Number of protein chains: 2
Amino acid sequence: MSDTAEPSSPVSRSGPQGPTPGRRRRDAAATRQAILDAAVAAFTRYGYDGVGVRDIAQSAGVTAMLINRYFGSKEQLFAEAVDVAFAPRTVIAGSGAQLADKTARALVARTAPEAEELGPFLLMLRSAASPRAAQIMREAIGRHAGRHLNEELSGTAAGVRAELMLSLQAGVWLMRSVLGTTALTQEQPEELAQWIESLFQVLVTPPTAASPRPEPGAGSGP
Amino acid sequence: MSDTAEPSSPVSRSGPQGPTPGRRRRDAAATRQAILDAAVAAFTRYGYDGVGVRDIAQSAGVTAMLINRYFGSKEQLFAEAVDVAFAPRTVIAGSGAQLADKTARALVARTAPEAEELGPFLLMLRSAASPRAAQIMREAIGRHAGRHLNEELSGTAAGVRAELMLSLQAGVWLMRSVLGTTALTQEQPEELAQWIESLFQVLVTPPTAASPRPEPGAGSGP
DNA sequence: CATGTAAGTATACGAGTGTAGACATCGGGC
DNA sequence: GCCCGATGTCTACACTCGTATACTTACATG
């Protein structure tokens, strides 16, 4: 979690009360943003069902009821938080010939055990249990990540290749960051990145007609 | 959850009228098993935090307190359910040269939108938010799936390759079954299976020394 | 058939949830 | 300087959760 309060506001209130030092002046926009930032962090760390509005409110330095005032409900706050998590951050790195390479290395770096990263995949995984949250995230993926990756992977079955690339990334996030399985956490980052890169390469530069297994019926197209 | 059974209407059946599967004779082992089965189904569908012990108990036709009597706590029930979900079901299909092929096809079939499958990956994804559940699942993976797949993929970096294979499967489950993203749900199953198979192939028959990208340092050779 | 005991139920409690309504307080415009 | 609306808080409510205690019922055995 980054700074949620205005750094320009000094400790104007010398009173003993005040949950967070450096109290924010009465500023609706800043308060709303502080709540949203806290929500992204909390939902990413603990999932939709894992945090209460009181937790988020306390992180933002306000009371729980302000969430309902500014966002209507916890669900609507989550929807906005998902949009924030998916929109600015990139789910792919590099482009063209470097796409597989850069994306693999970024993935390994961000899922390192010591990283403590907040990323859209973590938010996705930790909130996958709630059906309503799942629907909100599906729409966000279609709107942001999927579209972006789709353009990069133009060509045959670009949509499938893009979503398979997202799938592998999500799976690595799950196994490495969330569950912390042994092999993925203990392997040398560089070697792990090479394995993942070679997988991405299959999707980025797909086997055209000369498929390794010429199956019938499924002409991989033009 | 939704289906409502009235446990308080015993209907006073006296004879050995057994056609209704609801009423079980007093049998500790059978009751315990019924609870466990219901737990696997419920945890898989709704995740660790998504079900209450009352839901599970009602599915099993008992009251919630029997769960504590037989399993000690909800957490211990979950641990046993995870063992059930991971142990008997296979996370890989086929072996040797057919491993990539069979596993990919099985994955596509089991994640089909109409499948309504219960599988370990679904349990994994839907319960990933809870840290305690995550630890329980990590141990189960190391005990069951990881070990099994490790033997099959003997060779260089078998552990990493095995867990990457699990990662991709988990990711596909997430995107296709849980989130239901468009491309993966609408693609022809056969073509999707071929894409996934070509990814598995990289892990099953890894590029030896003749790697497509000869990076320094990481000698993939045995 | 009476009975001890395992099998199962009923009730309750304390903590936690999201949220509604009433109340308090700051700050800018007349 | 005063006041009214915006901004934020307090209390409360109805609900669900996991689980501990006390109770009831059915079964096997004498």
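What you are looking at is a predicted structure, and each value in this text was computed from that prediction instead of being measured. Sequence lines set the chain letters: A, B, ... in the order given, protein chains first and strands last, and positions in each chain run from 1.
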Grab the CG-C1' distance between A:D55 and C:dA15 for me, whole Å please. 14 Å

Look at the side chain of A:M65 and decide which nucleotide, out of D:dC10, D:dT19, D:dT7, has an atom nearest to it. D:dC10

Which atom of B:A112 lies closest to which atom of B:R176, heavy atoms considered: CA-NH2, 3.4 Å

Go through the steps for B:F86 and B:E139 under the test side chain to side chain contact (heavy atoms under 4.5 Å, CB included), then give the verdict. CA-CA 11 Å; B:F86 276 84; B:E139 295 165 3; over 6 Å; no

Which one of A:L168, A:L166, A:V160 satisfies the side-chain contact (heavy atoms from CB on, under 4.5 Å) criterion with A:L164? A:V160

From C:dT17, D:dT19, D:dC27, pick the nucleotide closest to the side chain of B:R26? D:dC27

Base, sugar-phosphate or nothing for B:F71? Non-hydrogen atoms, less than 4.0 Å. nothing

Ranking C:dT17, D:dT9, C:dT9 by distance to the side chain of A:T63, first place goes to D:dT9

Would you indicate what A:V53 reaches in the nucleic acid, counting non-hydrogen atoms under 4.0 angstrom: base, sugar-phosphate, or nothing? base

Once you round it to whole Å, what is the distance between P of C:dT19 and CZ of A:F78? 14 Å

How many Å lie between CG on B:L66 and P on D:dT25, as a whole number? 16 Å

Could you check how far CZ of A:R54 sits from C1' of C:dG18, rounded to whole Å? 7 Å

Separation of atom CZ in A:R69 from atom P in C:dT19, rounded to whole Å: 15 Å

Could you go through A:L77 and A:F43, starting from their C-alpha distance and side-chain angles, then the distance that decides it, and tell me whether this counts as side chain to side chain contact (heavy atoms under 4.5 Å, CB included)? CA-CA 10 Å; A:L77 171 62; A:F43 284 139; 4.3 Å; yes

C:dG8, OP1 or OP2 - any side-chain N/O from B:T31 closer than 4.0 Å? yes

A:N68 side-chain N/O to C:dG18 phosphate OP1/OP2 under 4.0 Å: no

Provide, to the nearest angstrom, the distance between the NZ atom belonging to A:K74 and the C1' atom belonging to C:dA20. 18 Å

Between B:F78 and B:Y48, how do the two ring planes meet: parallel, tilted or perpendicular, split at 30° and 60°? perpendicular

B:I67 CD1 to C:dT9 P, in whole Å, measures 11 Å

Just how far, in rounded Å, is P of C:dT17 from OH of A:Y46? 13 Å

